[in-house]
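Single-structure report; data block below.
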Amino acid sequence: MHHHKFNDFPTDFLWGAASAAYQVEGAWDADGKGPSVWDIFTKLPGKTFEGSNGDVAVDHYHRVEEDVALMAEMGLKAYRFSVSWPRIFPNGRGEVNEAGLAFYDRLIDSLIAHGIEPVLTLYHWDLPQALQDEYGGWEDRRIIDDFEHYCVTLYQRFAGKVKYWVSLNEQNYNLTNAYQLGTHPPAVQDRKRFFAANHIAFLANARVIKAFRQHVPGGLIGPSFAYSPAYPASCAPSDMLAFENAEEFTNLWWLDAYCFGRYPQAALAYLRETGEAPEILPGDLELLREGTPDYIGVNYYYTLTFTDNPLGGQTMQRINTTGQKGTTPSSGVPGLYKTTPNPHLETSNWDWAIDPTGMRIALRRLSSRYGLPLMITENGLGEFDKLTADGQVHDDYRIAYLHSHLKACQEAMQDGVELLGYCAWSFTDILSWLNGYQKRYGFVYVDRDEQGGTLRRIKKDSFHWYQSVIASGGKTL
Ligand code: BGP
């Protein structure tokens, strides 16, 4: 097989980087913005690493021009960002805040002026606090209309300028944290409420995809899914069954609902038995089938390895948010599965397994099951970075991570996967939701810590590396 002929990335491949509003913008109450659930939650004692919050973040709101100039210098072809719902609708619905829209006009126009394709995420977790207070946010079906109205407002404003859209970012990860682990707002720990809210989020996702077809002809939309492919710890049938359970409960529960408009069989049967299954009303599944995505956004960081978990065994546990390696406990659902370390893989300081082959496996599984194009909407390495005496950041470990994962993308394309692009997480350093400012992901270092800083931008070694990869169209990989 002469694979070298197919090694080139397509010429229109979207070499990108990503961010999310709350993690970069700051300006949390500027120009009429209302509070999001994160503006409130992060101020409660003990919720985030050293009480860090996004009031200032990396001040992207006031430094858009500088940041986009850095993207242009790097040669980025795409920039994925999210719109803050409470900037547009301070109360979640009702009066639109023109100043909020004007900020995204500036960002999008500046990207386009530099030849950078905007990839717009409609929802990256910053729900207007007003809707949480009024009816419990994702737990009430009223959110479907309010979310649609917000999304249509953005469709109408940006349809001519933005081709690539992401509906919900990591519904799976966000709602698992919000309603099972209690680590994201509204910090509930109740599996029945979790599955109910999650079902309503599927309906909202389908509704806005349906509306998209009318308002953004020629555009492409899909959710971004946090895909951690499951591995079995061994070929013991009990481990294989645990792996099947984990893949179905932690991945296919979302992916099948998005792409097939149905829930996977064994998981649904189990939840009906335990009384935790969501209420499916007449018309719900029809709506899901009318609102399937054009492509799947894939946020890939690591694989998870599963083993048998007896009844009375390990329950769901919180992850390491300190960067003290080896402090993440095993987590699972008794009777179904639990995680176990993979002895074949190195991990980051936050215990995330580093597994480029897992990315190839992820892309192949998704492409072959759903037959849709894919876009890597996030992939990257969170680490402690050091600004050295020479005023530089030598993040060779990040270069190694990104290099190996881009090679895996290339191999997946050779395997037949249609991959639209790759957005590294993240462009600049950002606020990590629970891990503060010390867990850095960017190509651009931002001089700030939990206490603050000058917010000066400094290009890391990885910036120059990605710049040359993009310039070569991937040939230097
Ligand atoms: C994803 C989120 C991102 C980003 C990333 C890194 O779950 O969509 O917003 O935060 O993970 O995660 P963390 O910041 O926890 O390291």
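Quick note: numbers below take in every heavy atom, side chains included, and nothing from hydrogens, waters or symmetry partners. Just follow the structure's listing: the first ligand is 1, and inside any ligand the first atom is 1.
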Q) Hey, are Asn251 and Glu247 close enough side-chain-wise for a donor-acceptor pair under 3.5 Å? A) yes

Q: Spell out, as yes or no, whether a donor-acceptor pair under 3.5 Å connects the side chain of Tyr22 to the backbone of Gly54.
A: yes

Q) So is Trp350 in contact with ligand 1, going by heavy-atom distances below 4.0 Å? A) no

Q. Between Phe49 and ligand 1, which residue portion shows a heavy-atom distance shorter than 4.0 Å: side chain, backbone, both, or neither?
A. neither

Q) Can you find an N or O of Lys439 that's nearer than 3.5 Å to an N or O of ligand 1? A) yes

Q: Would you check if the distance from the ring center of Tyr61 to the ring center of Trp28 is below 6.0 Å?
A: no

Q: Have a look at ligand 1 and work out which part of Ser432, if any, has a heavy atom under 4.0 Å from it: side chain, backbone, both or neither.
A: both

Q.
Tell me the protein heavy atom at minimum distance from atom 7 (O) of ligand 1, and give that distance in Å.
A. Glu170 OE1, 2.4 Å

Q | Distance under 6.0 Å and angle within 45° of ring axis: Arg193 vs Tyr179 | A | no

Q.
So if I count the atoms of ligand 1 from 1 in the order they appear, which ones are less than 4.0 Å from some heavy atom of His124?
A. 2 (C), 3 (C), 8 (O), 9 (O)

Q | Proximal atoms of ligand 1 relative to Trp433 (non-hydrogen, under 4.0 Å) | A | 3 (C), 9 (O), 10 (O)

Q: Name the closest protein heavy atom to atom 6 (C) of ligand 1, giving the residue it belongs to and the distance to 0.1 Å.
A: Tyr441 OH, 3.3 Å

Q | Identity and distance of the protein heavy atom lying nearest atom 5 (C) of ligand 1 | A | Tyr301 OH, 3.3 Å

Q: Say whether Gln23, considering both its backbone and side-chain N or O atoms, lies within less than 3.5 Å of an N or O atom on ligand 1.
A: yes

Q) For atom 15 (O) of ligand 1, what's the nearest protein heavy atom and its distance? A) Asn435 ND2, 3.1 Å

Q: Starting from atom 3 (C) of ligand 1, find the nearest protein heavy-atom neighbour and note its residue, name and distance.
A: Glu378 OE1, 3.4 Å

Q.
Which of the numbered atoms in ligand 1 are under 4.0 angstrom from any heavy atom belonging to Trp125?
A. 2 (C), 7 (O), 8 (O)

Q: Kindly indicate whether a cation-pi arrangement holds for Arg87 with Phe103, taking the cut-offs as under 6.0 Å to the six-membered ring centre and within 45° of the axis.
A: yes

Q | Side-chain heavy-atom pair Phe443, Leu402 within 4.5 angstrom cut-off | A | yes

Q.
If the test is ring pair (Phe, Tyr, Trp, His ring centres under 6.0 Å), which one of Phe89, Trp85, Phe202 qualifies with Phe147?
A. Trp85

**Q.** Near-ring test Tyr173/Trp254, centroid separation under 6.0 angstrom
**A.** no

Q. Hey, does the side chain of Thr377 reach the backbone of Val298 with a donor-acceptor pair shorter than 3.5 angstrom?
A. yes

Q | For Asn169, the ligand 1 atoms whose distance to one of its heavy atoms is below 4.0 Å | A | 8 (O)

